[in-house]
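Below, chains carry the letters A, B, ... as their sequence lines are ordered, and counting in each starts from 1. Note that the structure is predicted; figures quoted are calculated from it, not measured.
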There are 2 protein chains.
Amino acid sequence: MNDPSPHILVVDDHRDIRETLARYLVKNGLRATTAESAAHARKALKAASIDLVVLDIMMPGEDGLSLCRHLVETGSIPVILLTAMADDTDRVIGLEIGADDYVTKPFNPRELLARIRAVLRRTSIVPRERDPIEQEELGFEGWRLNVSKRELLDADGVVVPLSSGEFQLLCAFLKRPKMVLTRDQLLDLTTGRTPTVFDRSIDNQVSRLRRKIEVDPKDPKLIKTVWGGGYMLTADVKGSAE
Amino acid sequence: MNDPSPHILVVDDHRDIRETLARYLVKNGLRATTAESAAHARKALKAASIDLVVLDIMMPGEDGLSLCRHLVETGSIPVILLTAMADDTDRVIGLEIGADDYVTKPFNPRELLARIRAVLRRTSIVPRERDPIEQEELGFEGWRLNVSKRELLDADGVVVPLSSGEFQLLCAFLKRPKMVLTRDQLLDLTTGRTPTVFDRSIDNQVSRLRRKIEVDPKDPKLIKTVWGGGYMLTADVKGSAE
DNA sequence: TCCGGTTTTCAAGGATCTCTAACGCTGTCA
DNA sequence: TGACAGCGTTAGAGATCCTTGAAAACCGGA
């Protein structure tokens with residue numbers, strides 16, 4: 001298993017800061033790329049597989065905060081904000097937007113490195129959405145789900161056709177086994193929608209999925225319902241991320 | 001939808017700090033419990049369902065760092081460290097141990113709240129490392145409870161169906177055997193609710209559970225009632241934590 | 001032992017949540 | 001255009017849980 005070292009993108013308009021930091025990170029076993037503006041950062045993000053972004057909030061041109069917001073909303077790359085401001089309100093804004101962490105300048109490189117490692121440790125436990133390093137095949141209770149072919153095989157290797165909704169629901173469960181997932185979470189993970197007032201669509205998809213993968217859909221063993229909570233996949237998943 | 005608000009444990013030896021902070025958190029829609037030492041914190045962690053710990057590093061007696069290390073290693077509860085020290089090296093140690101975040105005193109409550117929310121958001125979506133202490137299967141008096149499958153087996157290996165409430169109640173008992181648990185604690189551990197004035201729901205759940213696992217529900221041996229105190233599981237539990 | 005106040009038990013009823021069949025809308029394909 | 005699959009919505013039945021209330025059990029003191 002080749003495990004390339006995490007790739008950090010350092011975004012700061014001060015050349016000495018970003019280059020010193022990048023050198024320090026490389027010296028400590030990480031890969032680093034630098035960008036001097038939000039625009040350059042966007043290019044770098046397209047061009048390389050970045051695992052984490054260290055981002056200066058105060059930059060000329062497009063604001064660091066707006067890039068941060070974009071990263072948090074669209075992508076799934078963790079962000080550590082960097083700023084010269086000691087003002088509390090602005091510090092809070094960054095976290096409220098959804099940045100994963102926050103460091104004020106002047107910063108101690110060793111602390112920043114520790115924070116980078118902490119964030120990477122957290123986020124690498126499970127591949128984030130759209131993670132390119134996704135497993136091809138996930139196995140559970142005799143079943144196998146080929147993610148790239150979107151095919152579900154039973155114990156005998158026979159294909160069981162799944163609709164795309166059922167496939168996405170099953171994926172959501174397989175990526176988070178043995179975890180109680182609320183309807184809202186499942187709705188978000190499968191369709192990205194926000195729930196309407198009386199939303200029973202997830203119940204229905206679960207019901208449909210159970211009909212296909214449960215031995216006895218009336219007495220489900222794989223997908224259990226948690227009264228007042230949501231649903232949970234009880235099976236062990238092989239080939240899942242680690 | 002009853003979505004119990006996250007329960008925060010504030011550990012600090014300064015009474016004014018922990019109580020002010022706890023009040024602030026409650027005022028902002030969280031639940032809070034306080035502990036004045038690492039030892040008290042351990043008790044609180046057993047007695048209540050804690051979602052996150054805010055922990056002062058510098059405390060007399062057992063060090064905050066050692067409790068933090070314990071939490072990170074064994075449990076799966078996120079930790080935010082609190083400290084008066086501005087010294088960089090000590091700040092780094094906390095993160096390297098695996099704390100989820102770090103705030104220096106004197107802190108802005110609003111920032112701490114934002115960090116708490118940020119950590120909770122992360123940990124609720126991304127499953128944490130599987131709790132190594134969390135046993136798959138708990139055995140007691142011939143019974144076996146498979147926690148991840150949410151299934152109870154009798155001595156002959158036959159599945160005895162449990163409702164979600166019964167399962168959660170049994171879990172609460174099995175993780176704290178031979179300990180008197182008050183109704184309030186049990187309510188918190190099972191549903192996260194805060195009790196209403198005349199709350200007899202736990203009595204009912206106990207009654208239902210007894211009907212399923214006691215030989216003679218009228219003369220319970222496994223779940224004894226402690227008059228004026230609560231309930232207690234009398235059995236030895238194999239495979240339970242420590 | 002008996003008595004009064006307190007706590008616990010548990011059945012009954014109502015409230016809430018879940019399941020799933022049925023229906024209709026939308027997009028696809030021949 | 002018509003047949004069809006997929007999916008959200010609706011609604012009624014069923015499951016689960018909380019609240020209520022009356023009776024039983026318990027405790028301490030007389």
Please work out which residues in residues 161-173 of chain A have a non-hydrogen atom less than 4.0 Å from an atom of DNA chain D and list them by number. A:S163, A:S164, A:G165
Any residue of residues 199-206 of chain B with a heavy atom less than 4.0 Å from an atom of DNA chain D: B:D199, B:R200, B:S201, B:N204, B:Q205
Specify the separation, in whole Å, of atom [atom1] of [X] and atom [atom2] of [N].
X	N	atom1	atom2	result
B:K218	D:dA24	NZ	P	11 Å
A:W227	D:dG14	CH2	P	17 Å
B:K224	C:dT9	NZ	P	13 Å
B:L181	C:dT8	CG	P	14 Å
A:D219	C:dT18	CG	P	18 Å
A:L209	C:dT20	CG	C1'	15 Å
A:R210	C:dC19	CZ	P	5 Å
B:L186	D:dC17	CG	P	15 Å

Euclidean distance, [Y] [atom2] relative to [X] [atom1], rounded to 0.5 Å:
X	Y	atom1	atom2	result
A:E166	A:L209	CD	CG	6.0 Å
B:H70	B:L45	NE2	CG	9.0 Å
A:D216	A:R210	CG	CZ	11.0 Å
A:M232	B:S164	CE	OG	10.0 Å
B:L170	B:L138	CG	CG	8.5 Å

Tell me whether the OP1 or OP2 atom of [N] has a side-chain N or O from [X] closer than 4.0 Å.
X	N	value
A:T225	C:dC19	yes
A:Y231	C:dC17	no
B:S207	C:dC10	yes
A:R183	C:dC17	no

Under a 3.5 Å cutoff, is there a donor and acceptor pairing between the side chains of A:S201 and A:R193? yes
Assess, by modelled atom type and distance only, whether the side chains of B:D12 and B:H14 contain a donor and an acceptor separated by less than 3.5 Å. yes
So, under a plain 3.5 Å distance rule, would you say the side chain of A:R208 forms a donor-acceptor pair with the base of D:dG8? yes
Where do B:G230 and B:V180 come nearest, in terms of heavy atoms and distance? N-CG1, 4.3 Å
Sole residue of B:D203, B:D188, B:D199 in side chain to side chain donor-acceptor pair (under 3.5 Å) with B:R183: B:D203
